[in-house]
Enquirer: 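Got a structure for you, written out below as C-alpha cells; questions coming shortly.
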Amino acid sequence: MKVDLNQVEEACRELYIRALKMLPPDIKQGFRRLDSSETNATGKAILGTMIRNIAVAEDTNNLLCQDTGIPIYNVTIGSNVIVDGYALKQAIVKGCARATKEHPLRSSVVHPTTRKNEHTSCGRHVPVINIDFVPAADILAIEMIPKGSGSENNSWLKMAIPADGIDAIKTFVVDCVLEAGGKSCPPVIVGVGVGGTADLCVHLSKVAATRPLGSVCADPEGAKLEAELSAVVNQLGVGAQGLGGDSTAFAVHVETAATHITMNPVAVNMQCHSARRARATFTPQGVGYGY
Amino acid sequence: MAHYELNMPVTEEQVRQLRINDTVTLHQTLYGIRDATQIHMFDHGRKTRFDLKGHAVIHTAPNVKWVGETKEHPSGYAPICIGTTTSARMERFTRPLMEQYGVRIVIGKGGLFAASAKAFSDLGGVYLAIIGGTAALETTWIEQIEEVDLDDLNPESLWKFRIKGFGPLLVAMDSHGGSLYTAVNSAAKDRRAGVLAALGVKS
Ligand code: SF4
C-alpha cells in the first residue's frame, strides 16, 4: 500500500481539531460511571458541569478545553506500507501547523528559554512524533493527542532501587496522586510506567495515561498492578478538581518494560478529564476517522 | 452557603462577606491574565493601562481569532474558546496584583497556597474555583473581548472581557483564612496510610 502524503497532511490537520472537540466514547462512559457513584455534593455538581461541557462543545462545535496542549502524533505503520518516513514526518508537522493557523487554534508551544511562540503549535521536536510498526499488512494509523499542560506538569520519575520492591512503586503512585491534587484537573487517568530506562519509563507512563479506558495492560503483572491501584485510588478523596469526593481518577493504567538488575524505575504521568484523542486509519479503502 | 450576583468592580466589604462554599456569579467585566503577563508586569517592570481596582482576574490564555476592529469586536479579536488554567504556577503574583493594582478576586483552577491565603485575609480578596476543562461552556458566558493590553505576549496578553452571568463559581478560598483545598488535601493525606495498607504496602 502506497501512502498519499497530501492525505496524511490533511488528516493531521483534521485530527488536531477533532481531538480538541470530541471526547472519545470510553471517556464519556467513564464520566457516567463516576457520576453514578459520586457521593459528595460538590463532586457531583462538578461532574455534572463537565458532562454538560462535553455537550456544549459538540452543540457549538467548539473546543472542549482552551488548552490546545502539546501536539503528539503516534504513527503505526503496517508491514506492506510503502512510505518515505522523512516526508511523512514533514506532512505531520505541516498538518499540525495548518490546523493552528486555519481554525485558528491557540498555539501553546514556545521555545523553552526565549519563550517565543511561532503561533504554529510547532517548534524544535514538536509536534512529538512517535513511530511504531505492526504486523498487520495494509494499514497506517495516526493517533493524535493534544496533551494539556495542567496534567503534563504533573509528571514524575523515581529511580527506586530493587530492595524497595513493588511497595516503592505503589507508594510513589499514591504520593503522586496526592501531590497532583486538583492541579491536573481530576478526574484523571493515572499513567504509570514501570521498568525500562529512565526515558522509556517516562514514555510508558504517557502511553498508559493516554490508553482508552477499559483497556488492559498486555503484561499480566502490569494488569494486576493497575487493577489493585484502580480499586483504591478513589479512597484518597482528592475528588473532581481537587475539591473532594470519590472521583479522583477514572482509572490507574500501568505499562511495563524489562529493566536492569540494579534498577526499579517508576514514572507517573497524569491525563486530565479532557482525555482527548483522535485517530485516522489509512487502508486501501481510504481514510477513516475514529478514536 | 449563600449565592451572590456581583457586578464588577466590587468593594472590600462585598468581598469580605464571601465565605468558602458560597457561590458567586459575576457580571459586566472580567480580566484575563496568565504566567507571562504577570512575569512581565512584576518581574520586568511593565505596566498595564487597565484600571484593575476592585476587579476580578481569571487565569487564562484564550483561543481567539483576529477579525479586525469592529463595533462587535472592539479589540479586533473574536472569542473562540476561553477557559482557565492551573493557578498554582502564579501563586507569587497574588499579593502584588492586590497591592499594586487593587485586584479583589482571583479565578482559576486547582487553588492557591498559603501566601495567597494571607494576601486574601490581609487585603480583602477571594479565590473563586472555576472548573478546569469546561471552556466550551465558559465561553458562552463571555459576550465580547472589549480590549487587550500587552498583546505582544499573545495569547498571554491582558484581556478585558465583557461577561454576562459568569458562573456560578465556588468560593474556594476566602478572606477569613478558609480554604477548601487545605481541608481536602489534609483529609487526603490522612487517608494515605489506609490506602497503602489496602495495597499491602509494609510500613
Ligand atoms: S489539565 Fe486538561 S482539562 Fe485541565 S485545563 Fe489543562 S487540558 Fe484542560
Side-chain angles (χ1 to χ4, degrees), chain A residues 20-21 42 45-46 49-50 52-60 62-68 103-108 110 115 117 119 148-150 153 166-167 170-171 174-175 177-178 181-185 228-229 231-233 235-245 248 272-274, chain B residues 1 21 23 32 35-36 39 60-66 79-89 108-111 129-140 153-156 168 170 172 180-181 183-185 187-203:
Chain A
L20 290 171
K21 292 184 174 180
T42 305
I46 292 171
T49 305
M50 288 171 172
R52 204 170 132 220
N53 182 67
I54 299 167
V56 172
E58 284 174 8
D59 293 349
T60 57
N62 203 350
L63 317 182
L64 289 148
C65 177
Q66 68 163 3
D67 187 0
T68 49
H103 183 276
L105 302 170
R106 183 187 89 182
S107 169
S108 307
V110 293
R115 312 306 290 179
N117 191 329
H119 296 282
S149 70
N153 271 338
I166 199 166
D167 280 6
K170 292 175 178 174
T171 307
V174 169
D175 286 341
V177 173
L178 288 173
K183 292 185 301 222
S184 49
C185 275
E228 266 182 72
L229 287 163
V232 296
V233 67
Q235 289 171 19
L236 287 169
V238 172
Q241 292 289 300
L243 288 164
T248 308
C272 57
H273 73 86
S274 212
Chain B
M1 282 198 276
N21 282 317
T23 52
D35 307 56
I39 290 167
T60 188
N63 285 260
V64 296
K65 181 178 188 161
W66 176 255
I80 291 183
C81 186
I82 302 178
T84 197
T85 188
T86 312
S87 299
R89 300 187 309 270
K109 69 161 173 101
I130 188 165
I131 300 170
T134 59
L137 176 64
E138 289 147 21
T139 306
T140 65
L153 305 175
N154 191 303
E156 298 180 74
L170 181 68
L180 292 178
Y181 300 99
V184 170
N185 288 346
K189 285 206 179 91
D190 290 346
R191 294 194 197 100
R192 177 181 181 271
V195 167
L196 290 179
L199 287 167
V201 173
K202 290 174 219 66
S203 49

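We name chains A, B, ... by the order of the sequence lines, and we start the count at 1 in each one.
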Enquirer: Side chain from CB out, backbone as N, CA, C, O: work out which of these in A:Val174 comes under 4.5 Å of a heavy atom of chain B, or both, or neither.
Expert: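 The side chain, not the backbone.
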
Enquirer: Of the non-hydrogen atoms in B:Ile80 and A:His103, which two are nearest, and what is the gap between them?
Expert: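 Looks like CG2-CE1, 4.1 Å.
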
Enquirer: Check whether any side-chain heavy atom of A:Thr171 lies under 4.5 Å from a side-chain heavy atom of B:Arg192, and answer yes or no.
Expert: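 Touching, per the 4.5 Å side-chain cut-off.
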
Enquirer: Which region of A:Ser107, side chain (C-beta onward) or backbone (N, CA, C, O), has a non-hydrogen atom less than 4.5 Å from a non-hydrogen atom of chain B, or is it both or neither?
Expert: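 Backbone only.
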
Enquirer: Indicate the atoms forming the closest heavy-atom contact of B:Leu137 with A:Arg52, along with that distance.
Expert: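 Looking at all heavy atoms of both residues, the closest pair is CD1-NH2, 3.5 Å.
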
Enquirer: Quick check for you: among B:Thr140, B:Thr84, B:Asn21, which has the greatest number of heavy-atom pairs under 4.5 Å with chain A?
Expert: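 Ranked by heavy-atom pairs under 4.5 Å with chain A, first place is B:Thr84.
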
Enquirer: Tell me which of these, A:Ser149, A:Ser108, A:Gly150, A:Gly237, has more heavy-atom pairs under 4.5 Å with chain B than the rest.
Expert: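 Among A:Ser149, A:Ser108, A:Gly150, A:Gly237, the one with the most close pairs to chain B is A:Gly237.
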
Enquirer: Determine whether a donor-acceptor pair (N or O, by modelled atom type, separation under 3.5 Å) exists between the side chain of A:Asp167 and the backbone of B:Lys202.
Expert: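 Side chain of A:Asp167 to backbone of B:Lys202, a donor-acceptor pair under 3.5 Å: yes, one is there.
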
Enquirer: Main chain of B:Gly133, side chain of A:Asn53: is a donor-acceptor contact present, judged purely on distance under 3.5 Å?
Expert: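 Yes, because the side chain of A:Asn53 sits within donor-acceptor range (under 3.5 Å) of the backbone of B:Gly133.
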
Enquirer: I'd like to know if the side chain of A:Gln241 reaches the main chain of B:Lys109, judged simply by a donor and an acceptor atom lying under 3.5 Å from each other, with no hydrogens or angles considered.
Expert: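 No, the answer is negative, given that no donor and acceptor are paired below the 3.5 Å cut-off.
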
Enquirer: Using non-hydrogen atoms only, which part of A:Ile166 is less than 4.5 Å away from chain B: side chain, backbone, both, or neither?
Expert: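 Neither part; nothing is under 4.5 Å.
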
Enquirer: If every non-hydrogen atom of A:Gly242 is compared with every non-hydrogen atom of B:Val184, which pair is closest and at what distance?
Expert: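 Minimum heavy-atom contact is O-CG1, 3.5 Å.
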
Enquirer: Could you tell me which of A:Asp175, A:Val233, A:Leu20, A:Thr68 has the largest number of non-hydrogen atom pairs under 4.5 Å with chain B?
Expert: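 Most heavy-atom pairs under 4.5 Å with chain B: A:Asp175.
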
Enquirer: Hey, is the main chain of B:Gly132 close enough, under 3.5 Å, to the side chain of A:His273 for a donor-acceptor pair?
Expert: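 A pair under 3.5 Å: yes.
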
Enquirer: Can you list the residues that meet the side-chain hydrogen bond (donor to acceptor under 3.5 Å, both in side chains) rule with B:Asn185, with sequence neighbours excluded?
Expert: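 B:Asn185 satisfies side-chain hydrogen bond (donor to acceptor under 3.5 Å, both in side chains) with no other residue.
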
Enquirer: Residues in side chain to side chain contact (heavy atoms under 4.5 Å, CB included) with A:Thr42, at least two apart?
Expert: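 Checked A:Thr42 against side chain to side chain contact (heavy atoms under 4.5 Å, CB included); matches are A:Asn40, A:Ile46, A:Leu243, B:Leu170.
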
Enquirer: I need the A:Leu236 CG to B:Asp190 CG distance, nearest 0.5 Å.
Expert: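 Output value for this atom pair is 11.0 Å.
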
Enquirer: Shortest non-hydrogen contact from B:Ala188 to A:Leu178?
Expert: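 Nearest pair, atom of B:Ala188 first, then A:Leu178: CB-CD2, 3.6 Å.
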
Enquirer: Under a 4.5 Å cut-off applied to non-hydrogen side-chain atoms, are A:Asn153 and B:Arg89 in contact?
Expert: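 With C-beta onward as the side chain, the pair touches.
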
Enquirer: Below 4.5 Å, heavy-atom pairs only: which of A:Ala57, A:Gly181, A:Pro104 has the largest tally toward chain B?
Expert: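 The candidate making the most pairs under 4.5 Å is A:Pro104.
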
Enquirer: What are the two closest non-hydrogen atoms of A:Lys170 and B:Leu196, and how far apart are they?
Expert: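 Shortest heavy-atom contact: O-CD2, 4.3 Å.
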
Enquirer: Write down the atom of A:Thr49, the atom of B:Thr134, and the distance for their closest heavy-atom approach.
Expert: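 Of all heavy-atom pairs spanning A:Thr49 and B:Thr134, the closest is O-CG2, 4.1 Å.
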
Enquirer: Does any heavy atom of chain A fall under 4.5 Å from the side chain of B:Ala129, the backbone, both, or neither of them?
Expert: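 Looking at B:Ala129, just its side chain touches chain A.
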
Enquirer: Taking A:Gln66 for its side chain and B:Asn63 for its backbone only, find out whether a donor-acceptor pair lies under 3.5 Å.
Expert: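 Side chain of A:Gln66 to backbone of B:Asn63, a donor-acceptor pair under 3.5 Å: no, none is there.
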
